[in-house]
Each structure stands twice: as C-alpha cells, then as structure tokens.
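Side chains are part of it too, since the values below use all heavy atoms of this structure and drop only hydrogens, waters and symmetry mates. In what follows, every chain begins at residue 1, and chains take the letters A, B, ... in the order their sequences are listed.
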There are 2 protein chains.
Amino acid sequence: MVEKKQIRKAAHRTGNRSVRMRNTLKILSAAEKVFAEKGFDGATTQQIADIAKLPKSNVHYYFKTKRDIYLALMQSIMAPWLESFQAISADDDPGDALAGYVRRKVMLSRERPLASRIFANEMIRGAPVLSDFLRNELRKWVEEKAQIVKQWSEKGKMDDVSAEHLFTIIWAATQTYADFEIQIKSVLGRQHLESEDYDAAADLITRMVLRGCGISQSNSEQAQQRPTTLDQLVR
Amino acid sequence: MVEKKQIRKAAHRTGNRSVRMRNTLKILSAAEKVFAEKGFDGATTQQIADIAKLPKSNVHYYFKTKRDIYLALMQSIMAPWLESFQAISADDDPGDALAGYVRRKVMLSRERPLASRIFANEMIRGAPVLSDFLRNELRKWVEEKAQIVKQWSEKGKMDDVSAEHLFTIIWAATQTYADFEIQIKSVLGRQHLESEDYDAAADLITRMVLRGCGISQSNSEQAQQRPTTLDQLVR
DNA sequence: TCAAATTCTGACCAACTGGTCAACATGCGG
DNA sequence: CCGCATGTTGACCAGTTGGTCAGAATTTGA
C-alpha cells in the first residue's frame, strides 16, 4: 500500500521531481543566502521570494511563516553536521581520527559556507532554535568523545586533554574559514580562497591539534572533493 | 586657546560629564546589545531607544541614522582590538609573545563578548563597514607579524608556519568563547562560564599554538582580571 | 535676568513588514 | 470531457520600520 501511494505520487512529478519538491528547494536555497547574510530578524520573506523568483504569496503557500522556512532550512543544514559527527571511534588511531575529522570539517566549510554562517548566526543569537540540540545531541556526542579521548590517553596514545575544549577549538578553527571568509581573503590578499588555502588550513589545524594532544604526526594525508550546495540540488 | 575651549566645555558638564556624553554612551551601550543579538539589519532603533530608556526621537537627535550608531559603536569596539594588536615584536621570545597574545584575546572574549559578536556579525555579512580595515590595517599588521615569524623561524626558535593561517586560527579559537558561548556552556554543562573555563581555554589554545609552531612550552603563565563593559562607563 | 544654544519629544510620514485570502490557473485520473 | 486536488497570485491588512520636524523645555554664559 505504501508502495502504491509512492507510485501514484511519482506519477504527479515532472521530470521525476514534483513541483512541490522543486519549489521547496528553490525557497530553501534562496532562504539560505538571505538568512546567512542578514540573520533571522534581518531576513525578509520578500527578499527570499525575489531570489527564489516566486511571488511572496507563493512562498507562504509552501511555508506558513518565516520561522517555518528557517526551521526547515536548519534541518537541512544540520544533516551533514550530524554526519561528520559519526566518525571517531575508540578503535581508531587518534591521529588518523582527529586529522580526518579536521579535514572533513574544513571541507564542509568550503562546500557549504552559507550553512556554516547560518549556524554561527544561530549561536550568536543565543540558539533560540537549536538550544535543545545543543543540550542533548551535541552534549551527548561530546561526552562520548570525551570517554574515547580518556581511553586513548590512558593507553598512552595521547595527552589527557579536555575533549570539550578540544572540540570547541576544532570547530572554531575549521568553521572560521566559512564564517570569516572575507577576513581571511583580506589577510591572504586573495580574491577567492583556493584548494591550496583550505589544504594549508587543514594541515596547520591538524598539526596544532595533534601536537597539542601529544600525538606524533599522522602519516595518512589526502584531500577530497565533493561539492554540494542547495543550488545544485535545484539545478 | 584649545585649553580655553576645553575649560569652557568642562563648565557645561554635570557631574564632570556632559549630557551629550552620557546619553551617547547610553545609546551605544544599548546598541551594543541589540546589534550583537540581532545583527545590523535585524536591529531596530526603537529597541535601542527602549533599552537606553530614551524616546526614539532623542536617539535620532544624537545619531542621525541607524548606520551612524553602528559606525560609532564599531569604532569603540575596534579600539581594544587594535590595542591587543601592538604586542608581539621581533625581540620577544616567541613562546611568551604568543602565549600572552592568546591569553589577552581570551580575556577580551570574556570581558567584551558583545563586541566580539558584533564583529562576527560584521564579518559574516561580508564586512560592508570594515572592508577597508581588513584590507589595510589588518593585512598590514599580519604582514608585519609574518616577517617576525619568519625571523623567529630563521633563528631556529620555531617552525616555519604561515602567519596568516596561524593568526586566523588563534582569532577563531579565542573569539569562539564569546561568539559561541551558548554552545560551549551547553557542552560543558554549565550555566555560566567561570574563570577556570577561560583559563582552561587559554591554556589549551596556547599549548596547541606553541606545539603547533614547534615552540617548547613557555614558563610564564598568569591570569588577569580587568572587566570593562560599556555599561560600566555609563554607570 | 535674559537671549541664545542645547536638549527633548510627541506627532507624523512613506515605505515596508509578515501574513491572509479569495479568486483563479493548471494538470491529473477517470 | 469533467471534477477535484494542487498550485498560483494580486490585492489587501494591521503593525512596524527608519527617519523628520516643529515646538516645547532646559541649560548655558554674560
């Protein structure tokens, strides 16, 4: 039955993608830009509608309120964040695990800078929407990782550092390449940040993290490429 | 003559502080809170007026436009920033210089978190107001420090690291304790961040920076206390 | 004391805000 | 072809926005 329903729904689609889906993505993609630059209070539904190339009333047909757009967007933003969470298990080599995590976070800053900025705005505002996430999921995750760090340090694989502060610093150092991109471009004297810049960032952060934790330099180093923006999902 | 003018001006004051000065500070103090939480576009002059406990039209008597408030505020914010800039000369011991700089930046995040958040908002927006500052003063400062770092590394006092990325990471790691305070409080399971938290942060960041630069741990460690908010200037 | 400068403020304005709604268009299955 | 669900939209609304202004209150120096 569920299958039948899905088939019928599929029939409604144009080019294998329903109008609803396409417009929803258009709106979220536009909202991503506006919320990232203006923050929640500064963003206007009119501007979102303009960028999405839809009448404002059409935007309100898909999302009742501005807050609903923001909530939906926040969900789509947190998904990759939570993904990058998984990694780092007790069996891993701490050097490899941390180096990989740093590199993944830097690449996420490169691929989805707008998402990072919206998250930053949400934190600066005092996390009115994400406070539950912070107190539950995030805190639980850090507690788990703190235990792993403890195990690693007990085995003499690394120093006994505060996992809470360690990850705080890793997040700050990696996300700054999205949030403060303009400052970094100015300081580097560049018009755009290139692959080499992100690699240099990941390398230095990794070095600081590993040495700061008393871990001898890891040997596995490799860059990835996987661009994904909401824009590309809209086509 | 200049002296005479100053004396006459002083006579205008009430309690050794002119009405103009006092109200200007009241407005800037209120604006600091609103701009920090809402960003430039989200902030309203009405809310600033309410917090300052002045009629909106009185606010506009001192500052013609919202942008003027923002500009004046930005100037008062950048002053301590530029102060903490000085330090770090070629004669210094790199370990002491960097450790001191990190500690000063962390304390600044503690003492003026709102200022840090406004700066962060400005960067996220693409620095419409501070782009000149970034391209000129900031870049020049980093170039100078890059030369110092070079000298240090040539003398074998530290590794040859990119000063641009190094300071980018230091800024990110230290300012995150102001900008992302709520995230850090959630992760640490605290209601408020205490002295010990900022000390732990400064210690870990310092350790990561020094070891990341190949500098043996410094010996001079000391905490400071010097709270300064716009609020206190208003009385 | 008094005229001038400064400070204060309610009333007001055009533009815009988030959001509603009724009428209309479209595309589908049958 | 019809009837219905889905999608579209301009007109509209009350409240808010940044900002102006005329006139009143006050503080000033002499």
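- Between A:Asn58 and D:dG10 there is no side-chain N or O to OP1 or OP2 distance below 4.0 Å.
- Between A:Phe40 and A:Asn121 there is no side-chain heavy-atom pair separated by less than 4.5 Å.
- Ion pairing between B:Arg125 and B:Glu122 holds under the 4.0 Å rule for side-chain N and carboxylate O.
- Note: CD1 (B:Ile69) to C1' (D:dG19) measures 11 Å, nearest angstrom.
- Taking atom CG of A:Asn23 as the reference point, atom C1' of D:dT8 lies 10 Å away to the nearest angstrom.
- For B:Arg20, no side-chain nitrogen or oxygen approaches OP1 or OP2 of C:dT6 to under 4.0 Å.
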Using the 3.5 Å cut-off, write out each protein N or O paired with an N or O of nucleotides 16-18 of chain C and the distance between them.
{"unit_1": "C:dG18", "atom_1": "OP1", "unit_2": "A:Ala43", "atom_2": "O", "d": "3.1"}
{"unit_1": "C:dG18", "atom_1": "OP1", "unit_2": "A:Thr45", "atom_2": "N", "d": "3.4"}
{"unit_1": "C:dG18", "atom_1": "OP2", "unit_2": "A:Thr45", "atom_2": "N", "d": "3.0"}
{"unit_1": "C:dG18", "atom_1": "OP2", "unit_2": "A:Thr45", "atom_2": "OG1", "d": "3.0"}
{"unit_1": "C:dG18", "atom_1": "N7", "unit_2": "A:Lys56", "atom_2": "NZ", "d": "2.9"}

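- Note on residues 45-67 of chain B: no pairs pass salt bridge (charged side-chain N to carboxylate O under 4.0 Å, His left out), not counting sequence neighbours.
- When atom types are taken as modelled, the side chain of A:Arg117 and the backbone of A:Glu37 share no donor-acceptor pair closer than 3.5 angstrom.
- Donor-acceptor pairing under 3.5 Å is lacking for the side chains of A:Thr174 and A:Arg104.
- Computed from coordinates, the B:Leu71 CG to D:dG18 C1' distance equals 15 Å when rounded to whole Å.
- Here the side chain of B:Tyr61 is nearest to one of D:dT8, C:dT7, C:dT20, namely C:dT7.
- Summarising the geometry, the separation between CG on B:Leu54 and P on D:dG19 is reported as 17 Å, rounded to the nearest angstrom.
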(request) Just do the ring pair (Phe, Tyr, Trp, His ring centres under 6.0 Å) check on A:Phe119 and A:Trp81 with the steps written out, would you? (result) CA-CA 10 Å; A:Phe119 184 84; A:Trp81 229 86; 5.1 Å; yes

